[in-house]
Amino acid sequence: MNSKALFVKDCDDVFIQRSSNDVKSNNPTSGFRTSVYKHSESNMRVVVCRMPSPIYSAYITVPTLSVNNKGLPHALEHLVLCGSKNYPIRGYLGALAARNCSLETNGYTSGDHTEYTIFSAAEDAMANILPVFLDHVFNPLLSDSQFITEVYHYDETGKEKGVMFSEMASRENSVDFLEYYNISRLIWNSSATHSYASGGKTCDIATLTKEEVIDYHRKYYDANNVTVILTGAFTNDFEEKYLQTIPSDIITSRGCDSRAPMDCSLPDGDNRLTHKTVEFPSSDTGSTGSLSFAWRGPPHEDIETAIALEIMNEYLSGSSSSPLHMWVVGVPPSSLLATSVETFMFTHILHRLIVLDKPIGPVNAVQTINVDSGFVEMEMQIPINDIPDELRKYLVLFQSILLSAHLLLPAGIIYDDGDSIPLQSAKYVPYAEFESRMSHYTTYYGSHVGYGLLPFSFNWLDDMFVINFRAPYKRYPSAMRLTVQGIMFPEFTADSILTNAQAHLVYISERKQDIEGVLFTAATHFAGASPADTPMMNKRHMCFLAQEKFMKRIIEQIKKDGNAEDVIEKLKEIQHILIRATSYGGRGGFMALSLPSSETPEDYISIFENEWNMCYEKYAEHNGIATKESTELANRSPFPIDYASRFSALEKPLFIHVPVQSLHVSKSVFVFALDTPSCPTGKRSFDDELSDLIALDYYALWMLSEFLKRMNGPVGNAVRSKGYAYGGFLYILWESKWIALEIDYASDIVKAVDAVKQLFLDMQDNWDSYLSETDVSLARSTVIYKTTANQSTPMEMLSQTVFNSVHGFSSAEEHSRWCSTHIAAVGMSDMRRVFDKYVCRFIDDDYPMLRLLVTPAGVAIPEELGPYKQTTLEEISATYETE
């Protein structure tokens, strides 16, 4: 330890109360302990918040102001990560992070600050990275070559390039950017930082110089201005052991202090109500747009008023029954209603799989985990793989209306918690009342296809319908009662269908301007076509190109005669299938529960059973259904769920080019079916398959993809270092059994694609010059971090538990053994084998895969890149059947 402490205690420790028990105890030292340390030679502060989490986080915050639209803070955010005085090699910081079981360092720029982040799986790993990270922040190289690559330059053909330039070209004409930028110009003085685009505008980025960036760094990146926030389960001696040993010459100060109050003055001239109309590029006919209101708020130090405004905002717009939502929409356009955010910590996990003696409605198995939390997470997963094909296009409407509709409760069930006597007559419950009660009992609830939370996109499990909520454990009975009633007794009306269809149509228009949405939808369309003898997967039925005509037809029909009976009948058919899933000869569904550590699963299952049976009796009576259900699925686990490849049965490569008028940058994705196991197959015992390492290729490919897609890895360097694109990524879509190569935000997609092809050709001949044993170790550490992060909260653990069971793992321990054994077994030769076997398919022009380019209109694709067929979004949309 130095004779003079590098950091000294700045104030007494603060204890952040973690629960209502901490508040009630009146113990000033209960909760999470937070310590603040001040640098001995400057005003830099380090805040250490001890939280019982497996993930350690660091946030390095620098106050950065804008005086023009050149994007100076954004340029520095890019350049800081490219090398430093003591660690000049580009990529060293990312490699160090990977070696220490961490995600790569990252950063973002806001209107008044820039923040750099790192997340790690161990305390000593964080201690290893932090000094190097700080050296990059305080002492970046800021070289000519870095500026040319990361910020701006012309290529040999006169095209404007640069990673930051391309990034802003993709944003500056979007509705969100134009809306925020122009509102800021109306409510702030022209000298205020928030009246400028902190990310920069392309016309101004073109005038930025490296010298301006150096001067900006000298002014703002002074130790006097910087705050470091660390969160995680840090030991009591972390400060002495690690903070005090940071090399003192890394933290530099030239006496600059830019934390002075900002200029928050009003604009010049008339400050009464003002307005502005802003046009934006669109492939739409002009029927959609955005309307925003903004006004000046309280100063940032007025915390009480700021919190009061947040509460008022929650009341006005936080849920589907809030006044603003009712005024604009009428009925909720989305089935996911978020009313608050909770933080969970846990110390141990107990996992069980309970196969029921008798199915409860669509559920014939219950997964439970016990964690250190005061909340219950409930997910009901109902199979919809056997749903008739003609009903699948109605799923978007169904998921947005269920749990967001008026209810008509029959006599004989209990509605209110205070009632012990069943309803004597039918009760109509407006959706606003239902939503208000659900928001009271839960912190969120929703219904949706798979694990996607947007109407037209999914992460996985698209052949399962998910109904979920989170609630304080004492409110679980009420939350479950209302959820079951919402499933069984919704009123599907013409008004709710019309309003939801209109809201979806607006959202579709927005997605058509978004390059991510276009790429995802086009890839799903061309790569997700099912074989002729199987139903088309739900993703393809529900993508926005399939839904656009369908929603328009519904709107036209209802507006013409007010009749939606045919749609209502379809929605009721879907509801009927969900409620009686175990009676349709399917595999049955399951429920996943995350419970407080002191609670027993049987009590929660019993509550669900009682509520379901009470409501189902009335539902069956109303619909003329015999209440005696099939016991075919009794004592049968629905796991594992067998997934066939979702890739189109291509006989030859498919080259597709989709030009979009409103885009300003390009993206590409090349994708093909991945034919290697990732999980137990069930054909032999778990131990036998594990000992044979049947998933070795999968894990080797995962590790190789992590190596290739690092920010300064081979693919990133091939496209980013030359300014062709923001980055390139290789990833595995395990649920669809696809492997994909994606190039992001390209200013020159032709050169970017060719650069990746040349890279892979060179790797074939010069493998050893690209990959070393150190690189294998780095990739292994990254995969280890990601498997750890997937278990860092009860919600993530619940999702991981679902994943485990769906893929044939009987417990979390079994999944952990599977992962750790395979990850440890992967070596250099394995990564070379999967490179030759799988990755090299991307450079084989004859291999049957989808090669998709999405570009701005007018981009020409030369024949030597491939025989690309040009098609528009309108032409793709026309291929979907709407009747």
Side-chain angles (χ1 to χ4, degrees), residues 52-56 98 100-103 119-125 232-233 344-354 365-373 377 379 451 460-461 590 592-595 597 601 637 639-641 676-682 684-703 705-706 732 734-735 776-827 830:
S53 166
I55 300 301
Y56 296 78
N100 282 276
C101 298
S102 306
L103 283 184
F119 304 97
S120 181
E123 177 181 295
D124 57 350
F344 299 91
M345 300 300 159
F346 58 91
T347 56
H348 68 278
I349 296 170
L350 176 64
H351 171 250
R352 291 176 62 187
L353 174 61
I354 303 171
V366 180
Q367 297 174 303
T368 67
I369 57 172
N370 287 84
V371 299
D372 181 16
S373 167
E377 307 261 0
E379 289 184 359
Y451 270 73
W460 56 294
L461 283 182
F590 62 94
L593 287 171
S594 170
L595 305 173
S597 54
S637 171
F639 308 120
I641 296 175
T676 187
S678 60
C679 301
T681 66
R684 294 184 291 148
S685 72
F686 174 85
D687 288 333
D688 285 346
E689 292 194 330
L690 180 58
S691 64
D692 288 345
L693 297 174
I694 67 166
L696 188 62
D697 275 9
Y698 172 85
Y699 283 90
L701 193 55
W702 184 3
M703 286 174 55
S705 73
E706 295 296 341
I732 303 168
W734 57 264
E735 180 252 331
V776 176
S777 177
L778 297 182
R780 180 177 291 110
S781 294
T782 301
V783 170
I784 290 171
Y785 170 83
K786 290 188 174 182
T787 57
T788 302
N790 285 341
Q791 305 173 65
S792 59
T793 68
M795 183 184 297
E796 287 163 336
M797 270 304 305
L798 194 66
S799 295
Q800 186 64 53
T801 301
V802 171
F803 175 95
N804 293 346
S805 295
V806 164
H807 289 83
F809 296 102
S810 63
S811 66
E813 291 75 19
E814 198 171 80
H815 177 255
S816 179
R817 278 181 58 206
W818 185 269
C819 289
S820 59
T821 302
H822 281 92
I823 293 169
V826 174
D830 301 305

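- For the pair Thr782 (side chain) and Leu778 (backbone), a donor-acceptor distance under 3.5 Å is present.
- Distance check: Asn100 CG to Tyr785 OH gives 13.0 Å after rounding to the nearest 0.5 Å.
- Between Ala125 and Ser120, the shortest heavy-atom contact is CB-OG, 3.0 Å.
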Query raised in the report: Taking it one step at a time, do His822 and Val826 satisfy side-chain contact (heavy atoms from CB on, under 4.5 Å)?
Result: CA-CA 6 Å; His822 281 92; Val826 174; 5.6 Å; no
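- With respect to Glu706 and Lys786, a salt bridge is recorded, a charged nitrogen being found less than 4.0 Å from a carboxylate O.
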Requested in this report: Give the C-alpha distance, both sets of side-chain angles, the deciding distance and a yes or no for side-chain contact (heavy atoms from CB on, under 4.5 Å) between Leu593 and Val366.
Outcome: CA-CA 7 Å; Leu593 287 171; Val366 180; 4.1 Å; yes
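- Using a 4.5 Å heavy-atom threshold, the side chains of Ser102 and Phe119 count as separate.
- Atom OG of Ser594 and atom CD1 of Ile369 lie 4.0 Å apart (nearest 0.5 Å).
- Inspection of the Asp688 and Ser685 side chains reveals an N or O donor paired with an N or O acceptor under 3.5 Å.
- Here Asp124 pairs with nothing under the salt bridge (Lys or Arg N to Asp or Glu O under 4.0 Å) rule; sequence neighbours left out.
- Between Asp692 and Arg684 the shortest heavy-atom distance is OD2-NH1, 2.7 Å.
- Summarising the geometry of Leu595 relative to Pro601, their closest heavy-atom pair is CD1-CA, 3.7 Å, with the distance given to 0.1 Å.
- The structure places CG of Leu690 at 5.5 Å from CZ of Arg817, a figure rounded to the nearest 0.5 Å.
- Looking at every heavy atom in both residues, Cys679 comes nearest to Ile694 through O-CD1, 3.9 Å.
- Looking at every heavy atom in both residues, Ser678 comes nearest to Trp818 through O-NE1, 3.1 Å.
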Requested in this report: Go through Ile732 and Tyr698 one step at a time and tell me if the side-chain contact (heavy atoms from CB on, under 4.5 Å) criterion holds.
Outcome: CA-CA 9 Å; Ile732 303 168; Tyr698 172 85; 3.9 Å; yes
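- Legend: residues meeting ring-ring contact (aromatic ring centres under 6.0 Å, His included) with Tyr56, ordered by chain and number and at least two apart, are Phe234.
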Query - Verdict with reasoning, Ile784 to Ile823, per side-chain contact (heavy atoms from CB on, under 4.5 Å) - result: CA-CA 8 Å; Ile784 290 171; Ile823 293 169; 4.2 Å; yes
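- Nearest heavy atoms, Thr787 versus Trp702: CG2-CH2, 3.9 Å.
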